[in-house]
Amino acid sequence: MLPHQIVFFILLIATTQCEEHLHANGPFGKSHVSEKIPSPFNCNRSMGISPRSLQKMSVPRTNLQVSSIRYSNNEKIYVSWTPLSSVCKDDFIGVYFLETSIETGACDYVDFEFITEGENNSTWLMINLRRQLQFCYYSRNENCSGSYIFVAKSPIVAPCNYNEPIQVHLAFGDRNDQMYISYVTNSNQIIPKCRYGFDPSLLNFQVDGNTTTYKASDMCEEKANITGPKTFIDPGYMHTILLEDLRPSTTYYYRVGSDEHGWTSINRFINRPSNINDEVNLIAYGDMGVSPIQTGAKATIDRVLSRVISNNVTAILHIGDVSYARGIGALWDAFMSQIEPTTSRVPYMVGIGNHEYDHITGGEKDPSGAPGPGGFRPEWGNYGKDSGGECAVPLVNRFHSPSNGNGLFWYSFNIGPIHIVYYSTEHDFLPTSRQYAWLEQDLRSVNRSRTPWLIVGSHRPMYTSLIYQALYKEKLQVYIEPLLYKYHVDLNLFAHVHSYERSCPMYQNKCVSDGITHVLIGMAGYDLTHGTYSGEKWSIYHDDKFGYTHIWANRTCLKFNYYHTKDDKLADQFQIIK
């Protein structure tokens with residue numbers, strides 16, 4: 001092999017290994033990434049329940065007790081038991097749907113936790129999946145070398161309110177005076193409502209909303225279109241209300257729900273500014289996922305929430321690879337629940353990534369309208385089936401955006417002195433494509449005397465000095481970079497590679513005074529990309545730490561800060577002056 005081929009081969013192995021462990025856990029706050037025990041998640045050890053083990057089954061040898069049989073979303077339940085006299089290293093407790101067979105369904109859990117010798121309790125962060133659940137204890141028989149046998153089960157646990165309004169999140173609408181508010185319940189029988197006002201004690205305005213959902217049959221391919229605890233589950237109903245005639249830079253208090261099913265607590269948001277002289281605070285990152293599956297997600301979420309509360313953040317930009325659910329429906333519930341403290345306060349503007357969209361078949365169900373069975377799949381694109389068959393169906397049902405492009409796939413919006421454009425690297429971006437035509441028209445139409453700052457975001461990187469083979473980089477440089485340079489884009493943000501890197505103002509691999517500053521921000525929570533960097537002159541700073549970025553701007557100055565989530569220390573910063 002040539003040296004660059006060796007590097008690529010190593011990176012390929014690392015990527016493959018990461019994919020194997022991508023869903024080693026479920027949504028209930030359990031992490032086993034560091035375990036050197038084969039995970040029972042994929043049932044790939046010839047285990048399960050065999051007829052011989054069924055004959056050996058007896059009355060459970062211990063009891064599983066729970067701290068509560070009723071719970072609210074994101075509430076903890078404590079499970080306890082009397083330790084067995086002998087414990088196998090891969091005995092486990094799983095949380096199960098009630099319809100799962102105790103005798104044959106050991107591996108059909110939603111989440112699990114291994115049991116250690118002498119352990120007598122565990123903690124579970126409950127997600128309201130709108131159904132009854134049960135904890136079950138399984139142990140290996142035949143001196144820990146045989147199949148799993150059932151040991152004990154807990155009382156049935158259930159949500160306090162199956163129609164609890166949860167997963168609240170905000171998004172910008174078409175106009176500056178609009179705001180989408182979305183949430184989830186288990187029913188479409190009641191009209192969703194939002195009560196809001198200028199004072200938390202007087203929510204004197206009310207607006208009704210609309211309801212939607214999606215089914216397994218709406219997905220493009222496996223595993224997303226297969227029903228099961230570790231694949232598609234009923235997502236409930238997504239309710240969305242559009243608030244209008246909002247005042248710029250004004251605080252509003254609100255709650256959503258209904259008298260019949262209950263209301264959320266009172267939340268607040270500050271509507272976006274509309275004046276060129278206003279200041280704007282943005283948080284930006286890509287590639288987050290569900291904690292603790294993606295090892296850095298929890299720290300990033302906590303740091304971002306703290307900054308949202310203390311810095312009057314205007315919006316969060318998440319440019320692709322959002323939940324990493326990849327066909328496991330419960331992970332969408334977990335992701336939406338874990339970001340709710342943030343997204344109920346500030347708009348969460350998402351872009352499309354490979355792990356939301358990429359698929360091979362089922363193109364007639366693709367909500368983006370891309371032609372062909374798998375959309376845009378040139379040989380040089382390295383487009384796989386990374387969405388687990390979802391082809392963006394959950395994303396477009398759960399999130400919202402302005403309607404000036406193609407839904408969540410490409411769109412743009414203004415925030416004070418900034419114009420922000422999202423485009424899709426998962427779709428055709430060549431000059432003959434409709435996306436390219438839209439992108440050029442949008443960039444051409446920006447009034448720089450009204451919004452002097454122009455920021456573009458997409459998922460796959462146009463530049464990185466990390467040595468790895470990705471021909472789409474060169475294609476983006478050939479076809480998209482001249483467009484960005486022509487219309488004087490200030491910042492080009494991208495992710496996909498799980499690290500941080502910042503360029504000088506540049507064009508065509510060279511630093512130039514009127515160039516574009518490219519920033520790779522794929523370090524929000526998924527595992528980190530380690531590798532060899534080529535030492536390109538345009539690369540000003542890079543590292544492979546979990547983090548997030550903060551953008552502050554007024555009409556003449558833009559400041560960009562990169563923070564490490566471990567200690568919230570400033571790692572890189574720059575500013576641009578108009």
Side-chain angles (χ1 to χ4, degrees), residues 24-32 35 40-41 59-85 87-88 90-102 105-139 148-167 184-186 229-230 233 236 261-265 290-293 297-298 301-302 330-331 333-341:
N25 324 284
F28 286 80
K30 300 302 176 182
S31 177
H32 304 286
E35 291 282 356
F41 193 89
V59 176
R61 293 171 286 168
T62 188
N63 293 311
L64 285 186
Q65 302 297 328
V66 292
S67 57
S68 175
I69 61 171
R70 295 288 182 268
Y71 65 89
S72 297
N73 197 51
N74 274 333
E75 184 178 337
K76 292 180 180 178
I77 279 184
Y78 303 94
V79 180
S80 59
W81 62 93
T82 302
L84 300 183
S85 58
V87 176
C88 301
D90 50 0
D91 286 2
F92 72 94
I93 288 177
V95 59
Y96 295 83
F97 294 163
L98 214 59
E99 61 267 26
T100 301
S101 168
I102 290 175
C107 298
D108 295 328
Y109 46 76
V110 186
D111 201 354
F112 77 97
E113 183 173 55
F114 288 121
I115 296 170
T116 58
E117 189 169 358
E119 185 179 16
N120 64 1
N121 66 87
S122 63
T123 304
W124 298 74
L125 182 65
M126 304 303 292
I127 302 298
N128 188 342
L129 298 182
R130 306 161 294 278
R131 61 173 69 224
Q132 294 180 322
L133 300 169
Q134 191 169 42
F135 298 93
C136 292
Y137 187 145
Y138 287 92
S139 177
Y148 278 107
I149 60 172
F150 168 72
V151 173
K153 64 180 180 180
S154 75
I156 295 170
V157 298
C160 297
N161 178 4
Y162 287 84
N163 288 302
E164 177 185 10
I166 57 175
Q167 304 178 24
V184 171
T185 71
N186 195 44
K230 294 193 290 292
I233 66 168
H261 291 154
W263 295 85
T264 63
S265 59
V290 177
S291 170
I293 298 173
K298 181 63 165 62
I301 291 165
D302 290 346
L331 292 181
D333 287 285
F335 179 81
M336 301 302 295
S337 294
Q338 74 180 7
I339 64 172
E340 182 178 8

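In this structure, N63 contributes its side chain and A152 its backbone to no donor-acceptor pair below 3.5 Å. Between the side chain of E340 and the backbone N or O of Q167 there is at least one donor-acceptor pair closer than 3.5 Å.
Side chains of I102 and Y96 form no contact here, defined as non-hydrogen atoms less than 4.5 Å apart. In this structure the side chain of D111 reaches within 4.5 angstrom of the side chain of P27, judged on heavy atoms. Contact check for L133 versus F28: side-chain heavy atoms found under the 4.5 Å cut-off. Looking at Y162 and T185, their side chains never come closer than 4.5 Å, going by heavy atoms from C-beta outward. Contact check for Y109 versus V95: no side-chain heavy atoms found under the 4.5 Å cut-off. The shortest distance between side-chain heavy atoms of F92 and Y138 falls below 4.5 Å. When side chains are defined from C-beta on, I77 counts as touching V157, because their heavy atoms get closer than 4.5 Å. In this structure, the side chains of W81 and I93 come closer than 4.5 Å at one or more pairs of heavy atoms.
Less than 6.0 angstrom separates the ring centroid of F114 from the ring centroid of F112. Ring-centre distance between W124 and Y78: not below the 6.0 Å cut-off.
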Worksheet item: Passes side chain to side chain donor-acceptor pair (under 3.5 Å), N128 versus E164? Steps please.
Response: CA-CA 8 Å; N128 188 342; E164 177 185 10; 3.0 Å; yes

Discussion item. The test is side-chain contact (heavy atoms from CB on, under 4.5 Å); show your working for V110 and K230 and say whether it passes.
Written reply: CA-CA 6 Å; V110 186; K230 294 193 290 292; over 6 Å; no

Item to complete: Given side-chain contact (heavy atoms from CB on, under 4.5 Å), test R130 with V184 step by step and report yes or no.
Response: CA-CA 10 Å; R130 306 161 294 278; V184 171; 4.2 Å; yes

Worksheet entry | Full working for side-chain contact (heavy atoms from CB on, under 4.5 Å) between T62 and V151 | CA-CA 7 Å; T62 188; V151 173; 3.8 Å; yes

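To the nearest 0.5 Å, the span separating CG on N163 from NE2 on H261 amounts to 4.0 Å. To the nearest 0.5 Å, atoms OG1 (T116) and CD (E113) are separated by 8.5 Å. The CG atom of L84 sits 10.0 Å away from atom CD of E117, with the distance rounded to the nearest 0.5 Å. The CD1 atom of I69 sits 9.0 Å away from atom CD1 of I156, with the distance rounded to the nearest 0.5 Å. For the atom pair OH of Y148 and SG of C107, the computed distance is 7.0 Å after rounding to the nearest 0.5 Å. Atom-to-atom distance recorded for I339:CD1 and S291:OG is 13.0 Å, nearest 0.5 angstrom.
Of all the heavy atoms in S139 and C88, the pair that sits closest is OG-SG, 4.2 Å. Nearest approach of V66 to S154, heavy atoms of both residues: CG1-CB, 3.9 Å. Contact detail for P165 and G262: the closest heavy-atom pair is CG-O, 3.7 Å. Closest heavy-atom contact between S122 and K30: CB-NZ, 4.3 Å. Taking both residues in full, the closest heavy atoms of I127 and D333 are given as CG2-CB, 3.8 Å, listed atom of the first, atom of the second, then distance.
Looking only at atom types and distance, the side chain of N73 has a donor-acceptor partner in the side chain of S337 under 3.5 Å away. In this structure, a donor-acceptor pair under 3.5 Å is absent between the side chains of N121 and S80.
Screening K76, Q338, E75 for a side chain to side chain contact (heavy atoms under 4.5 Å, CB included) involving L125 leaves a single residue, K76.
A salt bridge links R131 to E99: one of the charged nitrogens lies within less than 4.0 Å of a carboxylate oxygen.
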